[in-house]
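Remember, predicted model here, so these are calculated numbers, not experimental data. All chains are named by letter (A, B, ...) in the order of the sequence lines, taking the proteins before the strands, and each is independently numbered beginning at 1.
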There are 4 protein chains.
Amino acid sequence: MSSAVTHRPATTAARQLCEAVYEANIALVRAGLAMDTFGNSSGVLRAANLVAIKPSGVPYDKLRPDNMVLVTLEGKIVEGKLRPSTDLPTHLALYRAFPTIGGVAHTHSHYATVFAQAGREIPCFGTTHADYFYGSVPVTDPLVASMIQSEYELNTGREIARRFEVLNPQAMPAVLVRGHAPFCWGASPAKAAHHAWMLEESARLAFHTLQLNPAARPIAKELLDKHFLRKHGAGRYYGQP
Amino acid sequence: MSSAVTHRPATTAARQLCEAVYEANIALVRAGLAMDTFGNSSGVLRAANLVAIKPSGVPYDKLRPDNMVLVTLEGKIVEGKLRPSTDLPTHLALYRAFPTIGGVAHTHSHYATVFAQAGREIPCFGTTHADYFYGSVPVTDPLVASMIQSEYELNTGREIARRFEVLNPQAMPAVLVRGHAPFCWGASPAKAAHHAWMLEESARLAFHTLQLNPAARPIAKELLDKHFLRKHGAGRYYGQP
Amino acid sequence: MSSAVTHRPATTAARQLCEAVYEANIALVRAGLAMDTFGNSSGVLRAANLVAIKPSGVPYDKLRPDNMVLVTLEGKIVEGKLRPSTDLPTHLALYRAFPTIGGVAHTHSHYATVFAQAGREIPCFGTTHADYFYGSVPVTDPLVASMIQSEYELNTGREIARRFEVLNPQAMPAVLVRGHAPFCWGASPAKAAHHAWMLEESARLAFHTLQLNPAARPIAKELLDKHFLRKHGAGRYYGQP
Amino acid sequence: MSSAVTHRPATTAARQLCEAVYEANIALVRAGLAMDTFGNSSGVLRAANLVAIKPSGVPYDKLRPDNMVLVTLEGKIVEGKLRPSTDLPTHLALYRAFPTIGGVAHTHSHYATVFAQAGREIPCFGTTHADYFYGSVPVTDPLVASMIQSEYELNTGREIARRFEVLNPQAMPAVLVRGHAPFCWGASPAKAAHHAWMLEESARLAFHTLQLNPAARPIAKELLDKHFLRKHGAGRYYGQP
């Protein structure tokens, strides 16, 4: 990637955002969640109305902090010489729908994508899942033809937001887009990427659990509460203070 | 591999072809698509009536640009001290049947080979697949005994060509040879090798999708169109201009 | 991990215990049995009433011998500036119930966790399993709600101990906690970690054996005896004297 | 492994045999076919009545050419300070039963062991398999109790030999020992190890083929003949002259 496509963000905050988003994109690759040009991470700086996102169709080994694309929350390009990811409108819809999140990670990680392709939510069969996702990971409904043909990427985000009208995006930081793949989010780009990793591990466990026991049942509500809340609840006692 | 089996192509164009074909062969190994002596890549220079291909039965760690074998499109050896891949007649049949392609890649990559052995085409269950293959990846019919006993490798190519009488090789750059393994192609040796990689990823996704949901249905035509065409169609907007 | 959270154990024996427990934790990572902050190893020095264990929620790349936490067998912190693993009460219950063991290893290794999530014990389908585990690896019963809501980690250990009232922990150095994951043990932290590895291999073999042949039967008692006893029995002849 | 357990073979031929057997053992590890202390390779020098084999229970990272154990074809230790592999009597039975072979490789490689545990032979579903194994890879019958309790390892070899009364060990250089794992052989220790690798690849392909299509049928006899014989038959044309 020549200097022709890099740029130097105008502010320190923008530079830090680009670096964090670059690191989150690379974290996806290191965890084996992204290959080829699939997947993309972004981050938002709400005070500055800035979103940084991976450029479209650029292989991961060509990424650098300086070729992340900076746009507004409305999608207007602020800085950067490359086209943003085609999935940008989905990311922006998520930032608008979920005011508390700071980063979004989209991958085609294998087992999460398998559940998305099979059109099945991921049940919580164990405590690995319960440590990060408070219940079944939902799957979106199919988009109708007109929603695919026009504003497809934006409609994907809208459909996720619609699915979360009855869900808490902080307790469930992931979704499966039917026939496509997962989107994850978190308080920062790094946390979003981390959720993408934990989602893949949970999906892989659930996949093989269902192969071994097609009648497997989700864990009891009390066990789900215990694990999710000892880590994320008000009285949490997992980890260091 | 001693110098006894290397050669120096007579022209710059031939040298470049050998290098591109060497790189494509090595790309198969790096992506985990080829092991032992299985698999082979080739490339064509139609203006010069030259095809370069991997030598037969040579392990990948012994390959070098200078031991690729150069033949005509009719299969006559032009340069090289080694026997060409036994699959050469299949490659040549593909170059003759598909005038727009510049490279062919054959692998025994795991999940694509599993579909070939099971005699099942690979349905398009998601957008990963739709980004590269415009519909189900086809599988050839079994060869009759006489087609196996005589001119087996040529008949394999003929059978692929016959299967593609009703298909567009640019929209579907891959096929499964029943009981054997996949062949892929593209505008260049590198693109053919890249399709071999994407085929394996699509096959692995489809395999596990069917394990999770044996009644899984291919994605809607509109979604297939959207993903394939936003990347390969006239109005494509994926990637950089 | 800054020096702020490390400490220097007061005695040579305590230092050696911390080093052995650190090595056992790292062995889990090297064998692919532990990721993120899941899993933990501990070791006991019964004469000194000392248990060393991984600190809670610390990623494996931040571990050092000097940030292991030292506690008594009753769970009182002796040395260390970090919180011990939340699973400490489970480890302590195992040390109390099984007087001959010197180390405990807990992982979320993939296939062992799959059996735990599916609520199935791991049958002994072959000699790989029989070389280390003398029969089916048991799975605990579900905890009732009150046992989850109060003293959950301690009750997990109690439930394991209850399950082993009819089993010999030296002949069966592993258990699956239903809906959670495996716990393993051994004469030392290193042996416990080694059993965690062998358990995962046995679980992976059993998983695929059941996929290939859902009616697969455990090996004959005579073959189980032969393999387990030629390695662990009084007349053992496997390995070096 | 200290010098206390190494030795220097008395003859050049014995040294070369130990080196070849050492290399074959390490090749099993490199190909991911052997872990822990499972598996062992040996080689024979019939003119000198010498067999070299891996020592028992020694981890692969402690192996060196100088700690291979040298025995006669009758099992008498000639040189070496370590106990030979407990599977030695099986290897010796194979050398006696199959006069043309020069090496034996035993692994617990995953998918081959899965077929052994499931008690199923590995059908020839494709040309990858047909390139190395001329038909279904057989599985032995269970040993009766008395054959397990006395001379177990020798009886394992006898049972393999009995199974091959109707098979050609050169066209079928592998067997699955029911409830245990595969044994492979070849003209040299290196060829035996190579067959162990190809067996695992064939087993993995067959496993997933059966998962995808439980009614999958072996390839036609003509295709099996074509692939096996173009590589191993009198008129072979695969590879270099």
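Remark: B/Arg236 CZ to A/Thr86 OG1 distance equals 14.5 Å, nearest 0.5 Å. Atom CZ of residue A/Phe207 and atom CG of residue B/Leu212 lie 6.0 Å apart, to the nearest 0.5 angstrom.
Only the side chain of B/Arg230 comes within less than 4.5 Å of a heavy atom in chain A; its backbone stays farther off. Residue A/Pro214 does not touch chain B at all, counting heavy-atom pairs closer than 4.5 Å. Using a 4.5 Å cut-off between heavy atoms, A/Tyr111 contacts chain B through its side chain alone, with no backbone atom that close. Contacts of B/His194 with chain A are made by side-chain atoms alone, with heavy-atom separations under 4.5 Å and no backbone atom involved. If you measure heavy-atom distances from A/Arg120 to chain B, the contacts under 4.5 Å come from the side chain alone.
Annotation: side chain of B/Lys231 is in contact with side chain of A/Thr37 (closest heavy-atom distance under 4.5 Å). Between A/Phe38 and B/Met198, the closest side-chain pair of non-hydrogen atoms falls below 4.5 Å. Looking at heavy atoms from C-beta onward, A/Val114 lies out of side-chain contact with B/Gln211 at the 4.5 angstrom threshold. Under the 4.5 Å side-chain criterion, counting only non-hydrogen atoms from C-beta, A/Leu143 is not in contact with B/Leu223.
With chain B as partner, the option from A/Arg178, A/Gln149, A/Glu153 having the largest number of non-hydrogen pairs under 4.5 angstrom is A/Glu153. Counting heavy-atom pairs closer than 4.5 Å to chain A, the top residue among B/Pro218, B/Ala206, B/Gly239 is B/Gly239. When each of B/Leu210, B/Ile219, B/Asp225, B/Thr209 is scored by its heavy-atom pairs under 4.5 Å with chain A, the top score falls to B/Thr209. Note: B/Pro241 leads B/Ala220, B/Pro241, B/Ala130 in heavy-atom pairs under 4.5 Å with chain A.
The aromatic rings of A/His180 and B/His227 sit perpendicular, their planes meeting at an angle over 60°, well past the 30° parallel limit.
Considering all non-hydrogen atoms of both residues, A/Asp36 and B/Trp197 come closest at N-CH2, 3.5 Å. Nearest approach of B/Gln240 to A/Ser56, heavy atoms of both residues: NE2-O, 2.8 Å.
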Full working for side chain to side chain contact (heavy atoms under 4.5 Å, CB included) between A/His108 and B/Thr127
CA-CA 9 Å; A/His108 288 208; B/Thr127 64; 3.8 Å; yes
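The contact list for residues 15-30 of chain B toward chain A, using heavy atoms and a distance under 4.5 Å, is empty.
More than 12 heavy atoms of other shown residues, nucleotides or ligands fall within 6.0 angstrom of atom CZ in B/Arg96.
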